[in-house]
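Structure first, commentary second.
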Amino acid sequence: MNAAYDGEDEEIWIEERVASLMHEDDFDPASVAHLSEAISEASEDDQQIIRDYIEQKDWAKLGLKLYTMSYDYMEKFAQSTAQREVEQGLHL
């Protein structure tokens, strides 16, 4: 096996592992704890978007924005976890 092939295999494994982790409770973006954590870490731009949706009473867009923020936030943790597993050789 060459190094490029190994790297490609690892990237595929990481992608699949991240998708799997996102279905576990520890990474569930719909968890209120995860939602609140993502909101507390929101960028200034995201905070303004949230305020705008609240002022506009656009609850559908607000809900989608909050869920998307939480999903992206938790996906970063899942990515980090999968990468650590690769570094520890747990993907073999």
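Source: prediction; values computed, not measured.
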Hits for side chain to side chain contact (heavy atoms under 4.5 Å, CB included) against Ala42, two or more places apart or cross-chain, chain-then-number order -> Asp46, Gln47, Met69

Among residues at least two apart in sequence or on other chains, which ones pass side chain to side chain contact (heavy atoms under 4.5 Å, CB included) with Ile39? Leu66

For a quick test of your reading: what N or O donor-acceptor pairs under 3.5 Å do the side chains of residues 22-33 make, sequence neighbours left out?
unit_1	atom_1	unit_2	atom_2	d
Asp28	OD1	Ala30	N	2.9
Ser31	OG	Ala33	N	3.3
Ser31	OG	His34	N	3.4

List, one per line, each side-chain donor-acceptor pair under 3.5 Å for residues 50-64, sequence neighbours excluded.
unit_1	atom_1	unit_2	atom_2	d
Arg51	NH2	Gln48	OE1	3.2
Asp52	OD1	Gln48	NE2	2.7
Asp58	OD1	Lys61	N	3.3

Taken in chain and number order and not counting sequence neighbours, the residues that satisfy ring-ring contact (aromatic ring centres under 6.0 Å, His included) with Tyr73 are Phe77

Verify same cluster id: Val86, Ile12 (apolar side-chain graph, 4.5 Å): no

Shortest non-hydrogen contact between Ser70 and Ala38, atoms and distance: CA-CB, 3.6 Å

When every non-hydrogen atom of Ala82 is compared with those of Val18, the smallest separation belongs to CB-CG2, 4.0 Å

Can you name the side-chain hydrogen bond (donor to acceptor under 3.5 Å, both in side chains) partners of Ser80, sequence neighbours left out? Arg84

Please confirm whether the backbone N or O of Glu37 pairs with a side-chain atom of Ser40, one donor and one acceptor, at under 3.5 Å? yes

Taken to the nearest 0.5 Å, the spacing of Glu85 CD from Gln83 CD works out to 10.0 Å

